[in-house]
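A note on names: the letters A, B, ... follow the listed sequences, proteins ahead of strands, and every chain is numbered from 1.
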Amino acid sequence: MLDIQQLRNTLPEVAKRLATRGYALDVSGFELLDATRRRIQMHTEELQSKRNSLARQIGQMKAKGEDVTELMKEVGGLRFKLDTLESELKEIQEQIQAFMLSVPNLPHETVPVGATEVDNVELRKVGDPKVFGFPVQDHVSLGEGLSQLDFAVAAKLSGSRFVVLRGAIAKLHRALAQFMLDVHTTEHGYTEVYVPYLVNSASMQGTGQLPKFAEDLFHVAEDDLYLIPTAEVPVTNLMRDEIVPQDCLPLKFVAHTPCFRREAGAAGRDTRGMIRQHQFDKVELVQFAHPDRSYEALDELLSHAEAILRKLDLPYRVIALCTGDMGFSAAKTYDIEVWLPAQSTYREISSCSNFESFQSRRMQARMRNSRGKPELLHTLNGSALAVGRTLVALLENFQNEDGSISIPGALRPYMGGLEKIAPTSN
RNA sequence: GGAGAGGUGCCGGAGUGGUCGAACGGGCUUGACUCGAAAUCAAGUGUACGGUUAUCUGUACCGUGGGUUCGAAUCCCACCCUCUCCGCCA
């Protein structure tokens, strides 16, 4: 949520910046709404003030045993008018709140301006795509060839966009998550947290999934709880309605969780394989930063995600998303894309964003600043990494001609020393 | 799931219809004392939204949402959460 003061005071500039991400701010609609609100609010508060002072007088006079029928009559006359005004005020404030919740974040000034992903800017490529001396297979045929990746049985259990892993590949999947958690906690200074996978609507609103993106979420109607689409939701909401001392910043958390997404708008996209599933695991980094230092924190967080790919010897590139391609809540986003040889392309494996105060304003996540006043802090997060897609990348990049998979050195300690996954591996 | 207790400011904790935005204590800030610190003393210290603007001022907020009343932290209703006991249970 944007700062409503900023909207009032610099409406044309805000509209212009939002236009760069393809969002048409309803300027006149907002102006009308806000002007109406102001008029009703002033009128309401004036009458409330009058009522309060009369009520106070009645109390004082009654205490002295004086007659109050005149005053009672006067205050009674206010009542109907006040009831009407108060409900009008409430309604318009709800409208303004709904409006504010629907406006996306302002792009940071360093974000490249553009309409779609073709305008994204590649910042760097790291590692060279390996040249294979044989026809490469994709992860589906590799995994099914090893009888360790099973989409058919998953469809029987749950439908499309699910997978069952078996044997060494299931273990490799687990190893990846353990490895990532260990690197972030021991080398990058993150505190590991274990969090609920079901959250309430206030949490979803805090990070921006609600109210606009309900169709992307799995909702348990009976309990009005949502399955988390990313650990960002529960971990960021740890600080909802909290005020922390500024010297404890930055707060850095890492969590490994499953993520659940309905993929409602993705019909027909990435239907083959593990790229786009209803359920996948992710190791997520979340930082709460001082507002003056959140962009340093973003660079740092990005480097933490990259570190995993470097340690795994996976070729990747880093992309700065353009204004039109960024998510609703982000002020600036870097994507990391990993090389997938079977598709001869880079595919997203991480997304690292600074949300500035967009989420913290919704959540009222604050710090006490040097003047002793509460001030919104900045929130950041990034995948480090999406476990399922990392598994895909490993299978494809470390495949051998015989269909076996070599295991990168960094993961062998987590695989009981196993160097290669062959059809018989468990 | 059943029974009981409770949810108040940064924290602890008073407050059962009227000047309560809220006693008291702690914390924090500033000042005094001190070479400095501690201790002590004094003063200050909620959030949000308006109006006016270096000031001052109005309104709202005591788990959430309704209701009663001239007036609600205080009374009524519903819901949420926490704790204790019982039941159940990975």
d(CG, Leu89(A); C1', rC49(B)) in whole Å
10 Å

For nucleotides 78-83 of chain B, which of its nitrogen or oxygen atoms have a protein nitrogen or oxygen under 3.5 Å away, and what is each distance?
none

Should Glu263(A) and Arg161(A) count as an ion pair when the cut-off is N to O under 4.0 Å?
no

Interatomic distance, Ile40(A) CD1 vs rC49(B) C1' [rounded to whole Å]
15 Å

Separation of atom CZ in Arg368(A) from atom C1' in rG27(B), rounded to whole Å:
11 Å

Residues in side chain to side chain contact (heavy atoms under 4.5 Å, CB included) contact with Lys62(A), at least two apart in sequence or another chain:
Ile58(A), Val68(A)

Salt bridge (charged side-chain N to carboxylate O under 4.0 Å, His left out): which pairs involve residues 185-209 of chain A, sequence neighbours left out?
Glu187(A)-Lys311(A)

Once side-chain hydrogen bond (donor to acceptor under 3.5 Å, both in side chains) is applied, what residue pairs with a partner in residues 201-220 of chain A remain, sequence neighbours excluded?
Asn200(A)-Ser203(A), Ser203(A)-Arg240(A), Thr207(A)-Gln209(A), His219(A)-Asp224(A)

Quickly work out the Arg240(A) CZ to rU47(B) P distance and round it to whole Å.
21 Å

Please write out the pairs of protein N or O atoms and N or O atoms of nucleotides 64-66 of chain B separated by less than 3.5 Å, giving the distance to one decimal.
unit_1  : atom_1 : unit_2   : atom_2 : d
rG66(B) : OP1    : Lys90(A) : NZ     : 2.1

Pair Lys252(A) + Glu300(A), salt bridge at N-O below 4.0 Å:
yes

What pairs of nitrogen or oxygen atoms, one from the protein and one from nucleotides 57-60 of chain B, lie under 3.5 Å apart?
unit_1  : atom_1 : unit_2   : atom_2 : d
rG58(B) : O3'    : Ser49(A) : OG     : 3.3
rG58(B) : N2     : Glu45(A) : OE1    : 2.9
rG58(B) : N2     : Glu45(A) : OE2    : 3.2
rG58(B) : N3     : Glu45(A) : OE1    : 3.4
rU59(B) : OP1    : Asn52(A) : ND2    : 3.4
rU59(B) : O3'    : Gln48(A) : OE1    : 3.3
rU59(B) : O2'    : Gln48(A) : OE1    : 2.7
rA60(B) : OP1    : Arg51(A) : NH2    : 3.1
rA60(B) : OP2    : Asn52(A) : ND2    : 3.4

